[in-house]
Amino acid sequence: MKIQNEEGASKRKLTLFDATMLVMGSMIGSGIFIVSADIMRNLGSGYWLIVVWVITGVMTVAAAISYGELSSMFPKAGGQYTYLKEIFGKMMGFLYGWGLFTVIQTGTIAAVAVAFGKFTAYLIPALNDAAPIFQSGSYKITWIQILAIGVIMLLTYINTKGVESGKLLQNIFTGSKIVALIGLIILGFLLVKNNFWGDNMSFGWAAFNNLKTDPSGNFLKSGWESISGMTIVGGIAAAMVGSVFSSVAWENVTFVSGEIENPKKNVVRSMVLGTTAVMILYLLVNFIYLNTLNRDSIAFAPNDRVAVAASEQIFGSGIGTIVIAVLVMISTFGCVNGIVLAGARVFQSMAQDGMFFKAALHNNKNGVPEKSLWMQGIWASVLCLSGQYGNLLDMISFVIVLFYMITVAGVIYLRFKKPDLERPYKTWLYPVTPVIYLLIGAAFSILLLIYKQQYTWPGLLIVLLGVPVYFFINKKESQG
């Protein structure tokens with residue numbers, strides 16, 4: 001059965017620039033403004049903070065280069081779901097799509113939308129001060145969560161009006177946050193009064209951690225402990241949970257391959273250009289943190305908001321807070337839009353294969369999968385209300401990397417299994433590039449399994465719950 005998307009695919013409305021903006025906009029959310037605090041608490045040295053971001057950058061760009069080969073071979077909507085289904089069969093594709101709908105895509109939308117709400121509360125303190133709308137024990141519904149749901153619903157609605165509405169919004173917000181980040185980087189070197197770069201680098205390759213908390217769960221600012229050997233390696237893996245999660249979602253561009261001009265070339269170009277540019281920006285932002293703040297100020301920034309602490313050093317306490325609040329609001333709003341725009345195309349592709357609700361199959365008069373968009377938006381809103389999206393995302397970083405690894409391994413597998421298939425683009429430096437990703441990804445995953453099991457098993461269980469669902473769907477299909 002052909003879906004209406006095929007017709008829309010002939011009207012390709014996304015250029016290379018649009019696709020690159022989608023890659024960058026989907027990647028830059030709230031993580032870069034926060035996660036460096038946790039990295040510093042785990043490793044305690046400016047050198048190691050930079051090493052974690054460099055390793056994450058190498059991983060990310062290596063994966064994007066490897067995905068390029070698959071994007072040129074399967075230049076249609078659905079992206080990573082399609083690759084996994086074509087290479088390893090329907091069940092692997094379904095498990096990825098199941099994970100994507102239950103938590104990866106929708107949980108990311110929820111978490112980033114709530115981050116938008118939290119930073120809006122900086123500008124509108126009444127949002128923070130207002131009594132919960134509903135409270136039962138520790139569970140509560142706040143106005144920040146309601147604002148997050150409002151953002152999700154608004155962006156879902158805008159994206160039902162056609163690809164051009166979504167891409168215009170994406171380009172404006174992504175462009176704004178790139179300019180703002182570059183401005184912050186430049187001013188972070190020009191305006192800062194106290195320079196802490198030398199102090200932060202004085203620890204050299206020595207590593208320390210400070211993960212002790214008081215009975216309330218607040219980190220204690222005293223008691224840095226020297227660490228070495230496997231403890232450093234475990235610390236790197238734990239620290240990378242945040243940096244890896246800040247660097248995912250670039251593959252969202254593959255979900256909309258069917259709407260990109262010349263997808264055999266432009267999808268890979270957008271992934272490589274976008275991921276490289278974002279990882280360079282991330283590295284430079286961390287240079288600003290190391291330049292403007294000492295080790296304790298990075299590690300114990302209030303609520304982990306390192307960017308706020310740095311901005312206060314650059315612009316002064318009042319203006320600095322407002323600058324970062326506005327920047328994060330722009331950043332998170334654009335990030336949610338990119339992820340909303342792209343995700344619905346996967347669920348439409350799954351519906352085409354009988355692996356998702358049939359209602360997700362059809363495009364509306366504007367040529368977009370409206371019902372798929374609303375299903376995604378409603379479930380993301382439920383996750384906002386659950387209050388569990390943050391925990392889910394900690395758990396799911398491991399699973400995201402596993403699916404990246406399976407997909408990258410698919411590049412090597414296809415070279416052996418089907419060497420004669422047409423490959424308009426071949427992975428640069430093959431097999432070195434995919435092997436680098438697989439080695440770093442495997443080390444990260446194994447170390448998390450050993451040292452940080454709370455980040456691994458829950459995510460795996462969510463995905464494995466998809467196995468009985470898959471067999472139930474297939475049983476119904478065969479009976480039908």
Side-chain angles (χ1 to χ4, degrees), residues 27 29-63 111 200-201 203-213 219-221 223-248 278-279 281-290 293-301 303-307 309-310 390-391 393-402 404 437 439-456 459:
M27 287 178 74
S30 57
I32 184 58
F33 305 104
I34 297 168
V35 301
S36 292
D38 186 58
I39 297 172
M40 186 61 93
R41 283 195 297 272
N42 272 284
L43 295 165
S45 155
Y47 274 89
W48 285 109
L49 178 68
I50 291 170
V51 164
V52 166
W53 284 104
V54 168
I55 293 171
T56 307
V58 170
M59 262 182 96
T60 305
V61 177
N200 286 316
M201 291 308 187
F203 303 107
W205 292 108
F208 311 84
N209 72 27
N210 189 344
L211 303 173
K212 294 185 177 70
T213 56
F219 285 100
L220 297 171
K221 296 188 181 183
W224 286 97
E225 290 185 358
S226 178
I227 57 174
S228 59
M230 285 305 291
T231 313
I232 292 181
V233 178
I236 291 171
M240 280 180 64
V241 170
S243 63
V244 165
F245 190 74
S246 302
S247 310
V248 298
V278 168
M279 296 319 299
L281 276 175
Y282 280 3
L283 206 54
L284 292 173
V285 168
N286 278 281
F287 287 170
I288 293 306
Y289 298 158
L290 293 169
L293 302 167
N294 63 26
R295 178 170 70 174
D296 279 10
S297 298
I298 296 171
F300 307 112
N303 296 313
D304 284 358
R305 287 166 187 164
V306 190
N391 298 337
L393 291 180
D394 281 344
M395 299 165 190
I396 215 72
S397 289
F398 172 74
V399 173
I400 293 172
V401 170
L402 278 187
Y404 280 164
Y437 184 83
L439 288 174
I440 299 174
F444 171 73
S445 302
I446 291 165
L447 289 165
L448 283 187
L449 278 167
I450 296 169
Y451 292 103
K452 296 284 178 180
Q453 294 186 4
Q454 72 269 30
Y455 291 135
T456 56

> Where is the tightest heavy-atom contact between Ser45 and Gly204, given as atom of each residue plus distance?
Replying inline: OG-O, 3.0 Å
> Can you tell me how far CG of Asn209 sits from CD1 of Ile232, rounded to the nearest 0.5 angstrom?
Replying inline: 10.0 Å
> Is Asn200 reaching over with its side chain to a backbone N or O of Leu293, donor-acceptor style, under 3.5 angstrom?
Replying inline: yes
> What do the steps show when you test Val61 against Tyr437 for side chain to side chain contact (heavy atoms under 4.5 Å, CB included), and what is the final call?
Replying inline: CA-CA 9 Å; Val61 177; Tyr437 184 83; over 6 Å; no
> Roughly how far, to the nearest 0.5 Å, is the CG atom of Asn42 from the CE atom of Met240?
Replying inline: 12.0 Å
>> Measuring only between side-chain heavy atoms, which start at C-beta, is Tyr47 closer than 4.5 Å to Met201?
In response: yes
> Do you know which two heavy atoms are closest between Ile236 and Val52, and how far apart they sit?
Replying inline: CG2-CG2, 4.5 Å
> Where does the angle between the aromatic ring planes of Trp205 and Trp48 fall among parallel (under 30°), tilted (30 to 60°) and perpendicular (over 60°)?
Replying inline: perpendicular
Show me the side-chain donor-acceptor pairs of residues 281-289 shorter than 3.5 Å, one per line, residues at least two apart or across chains.
unit_1 : atom_1 : unit_2 : atom_2 : d
Tyr282 : OH     : Met27  : O      : 3.1
Tyr282 : OH     : Ser246 : O      : 2.8
Asn286 : OD1    : Ser36  : OG     : 2.5
Asn286 : OD1    : Trp53  : NE1    : 3.2
Asn286 : ND2    : Tyr282 : O      : 2.9
Tyr289 : OH     : Ile32  : O      : 2.8

>> Suppose we screen for side-chain hydrogen bond (donor to acceptor under 3.5 Å, both in side chains). Which residues come up paired with Thr56, at least two apart in sequence or across chains?
In response: Ser243
> What salt bridge (Lys or Arg N to Asp or Glu O under 4.0 Å) pairs are there with at least one residue in residues 41-60, not counting sequence neighbours?
Replying inline: Asp38-Arg41, Arg41-Asp304
Under 3.5 Å, side-chain donor or acceptor atoms of residues 441-448 against the rest of the protein: list the pairs with distances, not counting sequence neighbours.
unit_1 : atom_1 : unit_2 : atom_2 : d
Ser445 : OG     : Gly441 : O      : 2.9

>> Can you pull out every side-chain hydrogen bond (donor to acceptor under 3.5 Å, both in side chains) where at least one residue sits in residues 224-238? Sequence neighbours excluded, please.
In response: Lys212-Glu225, Trp224-Asp296
> What residues form a side-chain hydrogen bond (donor to acceptor under 3.5 Å, both in side chains) with Arg295, not counting sequence neighbours?
Replying inline: none
> Shortest non-hydrogen contact from Gly46 to Leu290?
Replying inline: CA-CD2, 3.7 Å
> If you measure from CD1 on Ile298 to CE on Met40, what distance do you get to the nearest 0.5 Å?
Replying inline: 4.0 Å
